[in-house]
Amino acid sequence: IVSLFILICIAVYQRRFFMTMDVVAAYLNAKMEPDTIYVRINAYLTGLLCVLNPGYSEYVDHKGELVCEVLRALYGSLQAGVLWNRLMTKTLLDIGYIQNPYDQCVFNKMDNGVQCTVLLFVDDLLCTSTSKQMLHELHQHMVNTFTEVKMSMESIFTFLGMEIDISKPGVAILTQVGYIKSMLEQYKVTRKAITPARDDLFDIDASSPLLCSAKKSEFYSVVYKLMYIGKRTRPDILLPAIFLTTRTHSPTEQDNRKLYRILEYLNHAPYVPLVLNVGDSLQLYSYMDASHAVHKDMKGHSGMVLQLG
């Protein structure tokens, strides 16, 4: 996510074009290493296969089943992700892209002083460049290499569950309104709150009853869904969400009320976009501070903010 945000900031600052690509059934493009995985197909499915192709009949065993060697990186196998990543990495390196030494999912290529950057997330690619030609050449190479590739160069697009709007020059607006609304509907949130937490966020009531097993499981799920939102587009909910991650082991009714406070706040303000822009330069700034013995157990607290531009 950090690399994604940095790439977006650099791209909007340099007025780059954006292109997204999605390799359909990506893993199946990668070949499995020989004699690695064999699967047994039950008698019912074997019968159907033999109807479709009678040539399979001679390989049916005494149980009426087939044993097959897996030739492609099958989804769900331990090797599939690694094999696909190796294939995509090789595909990019072969056409002159250089892998970033700090984040190996980022690749760069220079051509006559113009840079094209690719960010890879499994089978999704976000590509940026000031040269449309470089982007089109990259897309054509992917089409020639893989079975099916979806491509978009729209000014509003979805990537990693976020809607990204780059229609305004120099600015990128990130939202997750659809995800938030579906979450509110799932947990039947109707009330609204103007803040994500009350003043008692860090207060712990030792007498508050523990949640039952089902409620505890739901609590855990909701907390990390909120973390998913907070780490991407809604940093305004991160403080209470991060605190509640420390309560997932033995959550109480009090913790659950704090959890629903965040949901009620999201219901009040589902559309609060994260706006990324750089300003006048790509200068990196760092701000740090620390306070000692500020918690009840006498632990200190420190923090750091990095700003690009």
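Predicted model only: the values in this text are computed from it and were never measured.
The hydrophobic clustering, which links ILVMFWY residues whose side-chain heavy atoms are closer than 4.5 Å, places Ile242 and Ile229 together. Cluster membership for Tyr228 and Ile237, using ILVMFWY side-chain heavy atoms within less than 4.5 angstrom, is shared. Both Leu119 and Met153 are part of a single hydrophobic cluster, where members link through side-chain heavy atoms under 4.5 Å apart. Taken together through direct or relayed side-chain contacts under 4.5 Å among Ile, Leu, Val, Met, Phe, Trp and Tyr, Val118 and Val122 form part of one hydrophobic cluster. In terms of hydrophobic clustering, with Ile, Leu, Val, Met, Phe, Trp and Tyr side chains grouped at heavy-atom distances under 4.5 Å, Leu120 and Phe5 are assigned to a common cluster.
The side chain to side chain donor-acceptor pair (under 3.5 Å) search around Asn112 returns none, not counting sequence neighbours. Partners of Tyr75 according to the ring pair (Phe, Tyr, Trp, His ring centres under 6.0 Å) rule, which considers only residues two or more places apart in sequence or in another chain, are Tyr27. The ring pair (Phe, Tyr, Trp, His ring centres under 6.0 Å) test applied to His268 returns no partner, not counting sequence neighbours.
Under a cut-off of 6.0 angstrom, the local environment of OH in Tyr38 is crowded, with over 12 non-hydrogen atoms contributed by other residues, nucleotides or ligands. Heavy-atom neighbours of Tyr102 OH from other residues, nucleotides or ligands within 6.0 Å: at or below the threshold of 12. The local environment of CD in Gln283 is crowded, with over 12 non-hydrogen atoms from other residues, nucleotides or ligands closer than 6.0 Å. By the 6.0 Å contact criterion, CD on Gln104 is open, its count of non-hydrogen atoms from other residues, nucleotides or ligands being 12 or less. Leu78 CG: 12 or fewer foreign heavy atoms inside a 6.0 Å radius.
Atom CE of Met142 is separated from atom CD of Glu137 by 12.5 Å, given to the nearest 0.5 angstrom. Asp124 contributes atom CG, which lies 10.5 Å from atom NZ of Lys150 (distance to the nearest 0.5 angstrom). In this structure, the separation between OG1 on Thr46 and OH on Tyr44 is 11.5 Å, given to the nearest 0.5 Å. Once rounded to the nearest 0.5 Å, the distance linking CG of Leu83 with OG1 of Thr36 reads 8.0 Å. The structure places CD1 of Ile166 at 9.0 Å from CD1 of Ile8, a figure rounded to the nearest 0.5 Å. Note that CG of Asp22 is 8.5 Å distant from CD of Glu148, once rounded to the nearest 0.5 Å.
In this structure, Asp123 and Ala26 approach most closely via the heavy-atom pair CB-CB, 3.4 Å. Closest non-hydrogen pair, Val114 versus Met134, comes out as O-SD, 3.7 Å. Scanning all heavy atoms of the two residues, the minimum distance from Thr248 to Lys216 falls at O-CE, 3.8 Å. Here the closest heavy-atom approach between residue Ala241 and residue Ile262 is recorded as N-CD1, 3.9 Å.
Judged by distance alone, the side chain of Lys132 and the main-chain N or O of Phe17 form no donor-acceptor pair under 3.5 Å. At distances below 3.5 Å, not a single donor-acceptor pair connects side-chain atoms of Glu264 with backbone N or O atoms of Val189. Judged purely by atom type and a 3.5 angstrom limit, Asn267 has no side-chain atom pairing as donor or acceptor with the backbone of Leu263.
Side-chain contacts under 4.5 Å among hydrophobic residues (ILVMFWY), followed directly or transitively, place Val171 together with Ile173, Val177, Tyr271, Val275.
Contact of the Asp255 side chain with the Thr252 side chain is registered, since non-hydrogen atoms from C-beta on lie closer than 4.5 Å. Within the 4.5 Å cutoff, the side chain of Arg232 has no heavy atoms near those of the Leu174 side chain. Side-chain contact between Leu138 and Lys109: absent, with no pair of heavy atoms (C-beta onward) separated by less than 4.5 Å. The shortest side-chain heavy-atom distance between Met21 and Cys127 falls under the 4.5 Å cut-off. Using a 4.5 Å heavy-atom cutoff, the side chains of Met162 and Leu274 are not in contact. Side-chain contact between Asn256 and Leu211 is present, with heavy atoms from C-beta onward closer than 4.5 Å. Side-chain contact between Tyr265 and Arg234 is present, with at least one heavy-atom pair separated by less than 4.5 Å. Residues Met88 and Val23 are in side-chain contact: their nearest non-hydrogen atoms beyond the backbone lie under 4.5 Å apart.
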Practice item. Given side chain to side chain contact (heavy atoms under 4.5 Å, CB included), test Met151 with Val143 step by step and report yes or no. Key: CA-CA 10 Å; Met151 185 273 282; Val143 169; over 6 Å; no
Practice item. Decide side chain to side chain contact (heavy atoms under 4.5 Å, CB included) for Leu71 and Lys31; before the verdict, give the C-alpha distance in whole Å, the side-chain angles of both, and the deciding distance to 0.1 Å. Key: CA-CA 6 Å; Leu71 301 178; Lys31 294 181 180 180; over 6 Å; no
Check your understanding: Is there a side chain to side chain contact (heavy atoms under 4.5 Å, CB included) between Thr147 and Asn29 once you walk through the steps?
Key -> CA-CA 7 Å; Thr147 306; Asn29 288 279; 3.3 Å; yes
Exercise for review: Please lay out, stage by stage, how Asp111 and Gln133 fare under the test side chain to side chain contact (heavy atoms under 4.5 Å, CB included).
Suggested key: CA-CA 11 Å; Asp111 185 8; Gln133 181 180 345; over 6 Å; no
Ignoring hydrogens and angles, write down the donor-acceptor pairs under 3.5 Å from the side chains of residues 48-56, residues two or more places apart or on other chains.
unit_1, atom_1, unit_2, atom_2, d
Asn53, OD1, Gly55, N, 3.0

Would you give me the side-chain donor-acceptor pairs under 3.5 Å for residues 301-309, sequence neighbours excluded?
unit_1, atom_1, unit_2, atom_2, d
His301, ND1, His295, NE2, 2.8
Gln307, NE2, Gly309, O, 2.7

Under 3.5 Å donor-acceptor pairs involving side-chain atoms of residues 191-209, not counting sequence neighbours:
unit_1, atom_1, unit_2, atom_2, d
Thr195, OG1, Ala197, O, 3.1
Thr195, OG1, Arg261, NH2, 2.5
Asp205, OD1, Ser207, N, 3.0
Asp205, OD1, Ser207, OG, 2.6
Asp205, OD2, Ser207, OG, 3.4
Ser208, OG, Glu253, N, 3.4
Ser208, OG, Gln254, N, 3.0

List the atom pairs, with distances to 0.1 Å, where a side-chain N or O of residues 217-226 and a protein N or O form a donor-acceptor pair under 3.5 Å, not counting sequence neighbours.
unit_1, atom_1, unit_2, atom_2, d
Glu218, OE2, Tyr260, OH, 3.3
Lys225, NZ, Gln186, OE1, 3.2
Lys225, NZ, Tyr187, OH, 3.0

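Listed by first and then second residue, the side-chain hydrogen bond (donor to acceptor under 3.5 Å, both in side chains) pairs that reach into residues 10-20 are Gln14-Arg16, Arg16-Gln115, Arg16-Thr117, Arg16-Thr128, sequence neighbours excluded. The salt bridge (charged side-chain N to carboxylate O under 4.0 Å, His left out) contacts involving residues 89-108 comprise Lys90-Asp94, where partners must be two or more places apart or lie in separate chains. Pairs passing the side-chain hydrogen bond (donor to acceptor under 3.5 Å, both in side chains) check and including a residue from residues 166-183, sequence neighbours excluded, read Asp165-Ser167, Gln176-Thr233. Judged as a ring pair (Phe, Tyr, Trp, His ring centres under 6.0 Å), the pairs with a partner in residues 131-168 (not counting sequence neighbours) are, in order, Phe18-Phe157, Trp84-Phe146.
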